[in-house]
**Q** 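Dropping the structure in here first, questions after.
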Amino acid sequence: MTPNSRAPDAPGTDLMARRARLLGPNVPTFYDDPVHVVRGEGVWLWDAAGRRYLDCYNNVPHVGHCHPKVVEAIARQAGLLNTHTRYLHEGILEYGERLVARLGHDLQQIIMVCTGSEANDIALRMAQAVTGHTGVIATDNTYHGNTAAVSHLSTRRPPIGGYPSHVRRVPAPDGLLPLGGSVQAQPVAFAANVSRAIEELQAAGHGFAGLMLCPVFANEGMPDVGPGFLAPTVEVVRRAGGLILCDEVQPGFGRTGSHFWGHEWLGFAPDVVTMGKPIGNGHPVAAVVTRPDVMAAFRTAFGYFNTFGGNPVSCAAALAVLEVIEEEGLVQNAHDVGAYTLRLMKGLRHPLIHDVRGLGLFFAVEFAQGGRAAPEFCGQVVERMRQRGVLLGRVGRQQHILKLRPPMPFSRENADLAIGTLAEVLAEMDVHV
């Protein structure tokens, strides 16, 4: 054994201790007792002890964990060729043509990258290139990625030196405390806040480049908005000459059940659409799609190249995902099973349930007591569900909203198990947990 080698780990090695030693502090895990996953298939995950979990959280394996068609496409292309886009290759062209055919509003040109963070970073630069300005607006309870530029839109942790002056965060639509005092008042109130932020950016000398948002406001807790909600805001943005940057990482690829894209469901025309995680079913691939005029401005202003973006293996994975969505009718499945699941959820009873809402295969249960968010209760629900073999998450300004976002092959039988287990957990929980 060489001086730097180590003996094989004995059974029962503390993975958390190894993570801390090798990855450093503050590396997050799900659940108080993290799950050591070793295998996935469809909507299921298995841990190291052989226990099976129903995955009601992960949108990364969009067409199901380890879908055989996606796995085969990756393996086949990896065994043939993988390189970058400075060589000619049909893979990126075939995929790009299939993808933009799914989009309207003259969204015809594509840049492929590796992550949603990169995609959103490019979207910000596209807005700068078109407008000549740097001012950007997002909601005050959002997340758009990890690069320095897009992390400034997030409120998770203030950046060193404070938030930059060219960024404004407007109050997000809210299910518990709606803007303007009511759900009906939210569209106009949201637009008024965007208008005020634009004025501030212009007064500060930054000008206004664009508004970035998720069309279902997923990280904001999927509040009760609907088609037409954004119409007053679109008018404000257009009047100011800015772009609308639409982050489809969570609602895209048919998750809404009624439309292939979240912006179609909400009813507005974006200037730039970004997509990530689900596009490759776990393979690291993402994309930006925009109009030719926006792309030309970006390509003129920035010398952009991404070594791994659009490589043949990534394109093979992404194309396989599109084909599976079509062949297995997964958008229709999201519509049908989503409606069935929401009916089951509407039957849940507990004094702390403030609201239950859903859109396709995306659901939220908001917990509150006396008009105030109940994050501790929500956290306990997540932990107890994990103990019973159902994996959920939580979201919202105070992490008080239960989040269900399963892979797209989710079935009625899966829904029966998930919501039946949730009903049992809630029945056991006192309001003072």
**Q** Go through the side-chain N and O atoms of His144 and Thr142 and say whether any donor and acceptor fall under 3.5 Å apart.
**A**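 A donor-acceptor contact under 3.5 Å links the two side chains.
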**Q** For the pair Thr233 and Leu230, evaluate side-chain contact (heavy atoms from CB on, under 4.5 Å) and give the outcome as yes or no after the intermediate values.
**A** CA-CA 5 Å; Thr233 300; Leu230 209 63; 3.9 Å; yes
**Q** Decide, yes or no, whether a salt bridge links Lys277 with Glu248 under the criterion of side-chain N to carboxylate O below 4.0 Å.
**A**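 Looking at Lys277 and Glu248, the cut-off is not met.
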**Q** May I have all residue pairs that pass ring-ring contact (aromatic ring centres under 6.0 Å, His included) and include part of residues 323-361, sequence neighbours excluded?
**A**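 Listed by first then second residue: His350-Phe377.
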**Q** Look at the side chain of Gln202 and the backbone N and O of Phe208, then say whether any donor-acceptor pair between them is shorter than 3.5 Å.
**A**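 No; zero donor-acceptor contacts below 3.5 Å.
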**Q** Answer yes when Glu200 and Arg196 have at least one side-chain N-carboxylate O distance shorter than 4.0 Å, and no when they do not.
**A**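 Salt bridge between Glu200 and Arg196, a charged N being under 4.0 Å from a carboxylate O: no.
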**Q** Check whether any side-chain N or O of Asn311 sits under 3.5 Å from a backbone N or O of Ser314 as a donor-acceptor pair, and report yes or no.
**A**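 Pair found, side chain donor or acceptor close to backbone of Ser314.
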**Q** For a 4.5 angstrom cut-off between non-hydrogen side-chain atoms, does Pro227 reach Trp265?
**A**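 Yes, close enough: below the 4.5 Å cut-off.
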**Q** With the threshold set at 4.0 Å, does a side-chain nitrogen-carboxylate oxygen contact exist between Arg388 and Glu428?
**A**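 Looking at Arg388 and Glu428, the cut-off is met.
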**Q** Side chains of residues 177-190: which donor-acceptor pairs under 3.5 Å do they make with residues two or more places apart or in other chains?
**A**
{"unit_1": "Ser182", "atom_1": "OG", "unit_2": "Ala185", "atom_2": "N", "d": "3.1"}
{"unit_1": "Gln186", "atom_1": "OE1", "unit_2": "Asp174", "atom_2": "N", "d": "2.9"}
{"unit_1": "Gln186", "atom_1": "OE1", "unit_2": "Leu179", "atom_2": "N", "d": "3.0"}

**Q** Grab the two heavy atoms, one from Gln128 and one from Phe302, that are nearest each other, plus how far apart they are.
**A**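 Minimum heavy-atom contact is OE1-CZ, 3.9 Å.
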**Q** Stepwise, does the side chain to side chain donor-acceptor pair (under 3.5 Å) test hold for His67 with Asn281?
**A** CA-CA 8 Å; His67 193 286; Asn281 213 53; over 6 Å; no
**Q** Any side-chain donor-acceptor pair under 3.5 Å between Arg405 and Gln250?
**A**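 There is such a pair between these side chains.
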**Q** Nearest 0.5 Å, what's the NE2-SG distance between His400 and Cys378?
**A**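 The SG atom of Cys378 is 8.0 Å from NE2 of His400, to the nearest 0.5 Å.
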**Q** Salt bridge (Lys or Arg N to Asp or Glu O under 4.0 Å) for Asp121 and Arg125? Distances and angles first, verdict last.
**A** CA-CA 7 Å; Asp121 190 283; Arg125 284 189 266 180; 2.9 Å; yes
**Q** Between the side chains of Lys69 and Glu328, is the shortest nitrogen-to-carboxylate-oxygen separation below 4.0 Å, so that they form an ion pair?
**A**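 Not counted as a salt bridge, because no side-chain N and carboxylate O are separated by less than 4.0 Å.
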**Q** Is it the case that atom CZ in Phe308 sees more than 12 heavy atoms from other parts of the structure closer than 6.0 Å?
**A**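 At most 12 heavy atoms, drawn from other residues, nucleotides or ligands, come within 6.0 Å of this atom.
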**Q** Determine whether the side chains of Asp47 and His36 contain a donor N or O and an acceptor N or O closer than 3.5 Å.
**A**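 Side chains of Asp47 and His36: no pair found under 3.5 Å.
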**Q** Output, in order, the C-alpha distance, side-chain angles, deciding distance and verdict of side chain to side chain donor-acceptor pair (under 3.5 Å) for Asp55 and Tyr53.
**A** CA-CA 6 Å; Asp55 185 356; Tyr53 296 83; over 6 Å; no
**Q** Should Thr274 and Asn120 be marked as a side chain to side chain donor-acceptor pair (under 3.5 Å) after you check the CA-CA gap, both sets of side-chain angles, and the distance that decides it?
**A** CA-CA 6 Å; Thr274 61; Asn120 285 331; 2.7 Å; yes
**Q** Under a 4.5 Å cut-off applied to non-hydrogen side-chain atoms, are Met112 and Val288 in contact?
**A**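 No. Closest side-chain heavy atoms not under 4.5 Å.
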**Q** Quick check for you: to the nearest 0.5 Å, what is the distance between Arg21 atom CZ and Met16 atom CE?
**A**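 Between Arg21 CZ and Met16 CE, I get 13.0 Å after rounding to 0.5 Å.
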**Q** Within this structure, what is the CZ-SG distance for the pair Arg98 and Cys315, rounded to the nearest 0.5 Å?
**A**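 Here the rounded value is 12.5 Å.
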**Q** Identify the two heavy atoms, one from Arg372 and one from Leu176, that lie closest to each other, and give their separation to 0.1 Å.
**A**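 Shortest heavy-atom separation between Arg372 and Leu176 comes out as C-CD2, 4.0 Å.
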**Q** So which heavy atom on Met222 is nearest to which on Gly358, and how close?
**A**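 That would be CE-CA, 3.7 Å.
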**Q** How many angstroms lie between atom CD1 of Ile419 and atom CG of Leu404, to the nearest 0.5 angstrom?
**A**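 Between atom CD1 of Ile419 and atom CG of Leu404 there are 5.5 Å.
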**Q** Looking at Arg168 and Ser165, would you say the former's side chain and the latter's main chain have a donor-acceptor pair under 3.5 Å?
**A**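 Between the backbone of Ser165 and the side chain of Arg168 there is a qualifying donor-acceptor contact (under 3.5 Å).
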**Q** May I ask you to decide whether Arg18 forms a salt bridge with Asp14, counting only side-chain N to carboxylate O separations under 4.0 Å?
**A**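 Not counted as a salt bridge, because no side-chain N and carboxylate O are separated by less than 4.0 Å.
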**Q** Taking atom CZ as the centre, does Phe30 end up with more than 12 heavy-atom neighbours from other residues, nucleotides or ligands that are less than 6.0 angstrom away?
**A**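 12 or below, so no.
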**Q** Which heavy atom of Cys114 sits nearest a heavy atom of Gly309, and at what distance?
**A**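 That would be SG-N, 4.0 Å.
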**Q** How are the rings of His152 and His166 set relative to one another: parallel (under 30°), tilted (30 to 60°) or perpendicular (over 60°)?
**A**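 Geometry flag for His166 against His152: perpendicular rings.
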**Q** Which atoms form the tightest heavy-atom contact between Val289 and Gln108, and what is the distance?
**A**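 Shortest heavy-atom separation between Val289 and Gln108 comes out as CG1-N, 4.4 Å.
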**Q** Under the side chain to side chain donor-acceptor pair (under 3.5 Å) criterion, do Glu220 and Thr139 qualify, and how do the steps go?
**A** CA-CA 8 Å; Glu220 293 87 339; Thr139 80; 2.7 Å; yes
**Q** Just by distance, do the side chain of His62 and the backbone of Phe253 share a donor-acceptor pair under 3.5 Å?
**A**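 Such a contact is found between His62 side chain and Phe253 backbone.
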**Q** Counting N and O atoms only, with roles assigned by atom type, does the side chain of Asp140 sit under 3.5 Å from a partner on the main chain of Ala172, one being a donor and the other an acceptor?
**A**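 Yes; judged by distance alone, with no hydrogens or angles, the pair exists.
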**Q** State whether Tyr163 and Arg169 meet the cation-pi test: NZ (Lys) or CZ (Arg) under 6.0 Å from the six-membered ring centroid, and within 45° of the perpendicular axis.
**A**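 Positive - Arg169 is close enough to the ring of Tyr163 and near enough to its axis.
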**Q** Is the backbone N or O of Ser411 less than 3.5 Å from a side-chain atom of Asn414, with the two atoms forming a donor-acceptor pair by type?
**A**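 Yes: the side chain of Asn414 pairs with the backbone of Ser411.
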**Q** Any side-chain heavy atom of Leu45 sitting closer than 4.5 Å to one from Arg52?
**A**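 Leu45 does not reach Arg52 side chain to side chain.
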**Q** Please check if the side chain of Ser151 supplies one atom and the backbone of Ala148 the other of a donor-acceptor pair under 3.5 Å.
**A**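 Checking the backbone N and O of Ala148 against the side chain of Ser151, a donor-acceptor pair under 3.5 Å is found.
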**Q** For side-chain contact (heavy atoms from CB on, under 4.5 Å), just list the numbers for Thr115 and Asn146, CA-CA rounded to whole Å, side-chain angles, deciding distance to a tenth of an Å, and then say yes or no.
**A** CA-CA 9 Å; Thr115 68; Asn146 287 317; over 6 Å; no
**Q** For the side chain of Arg255 and the backbone of Gly262, is there at least one donor-acceptor N/O pair under 3.5 Å apart?
**A**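 No; judged by distance alone, with no hydrogens or angles, the pair does not exist.
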**Q** So, the side chain of Ser195 versus the backbone of Ala191: is there a donor-acceptor pair under 3.5 Å, distance only?
**A**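 Checking the backbone N and O of Ala191 against the side chain of Ser195, no donor-acceptor pair under 3.5 Å is found.
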**Q** Do you know which two heavy atoms are closest between His206 and His133, and how far apart they sit?
**A**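 Minimum heavy-atom separation between His206 and His133: O-CB, 3.4 Å.
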**Q** Let me confirm one number: the OH-CG distance from Tyr95 to Leu319, rounded to the nearest 0.5 Å.
**A**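 CG of Leu319 is found 8.0 Å from OH of Tyr95.
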**Q** Compute the ring centroids of Phe268 and Phe229, then answer whether they are less than 6.0 Å apart.
**A**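 Phe268 vs Phe229: aromatic centres not under 6.0 Å.
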**Q** Is a side-chain donor or acceptor of Trp261 paired with a backbone partner of Val273 at a separation under 3.5 angstrom?
**A**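 Not at all, since once roles are kept as given, no pair shorter than 3.5 Å links the two residues.
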**Q** Decide, yes or no, whether a salt bridge links Asp271 with Arg238 under the criterion of side-chain N to carboxylate O below 4.0 Å.
**A**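 Yes, charged N to carboxylate O under 4.0 Å.
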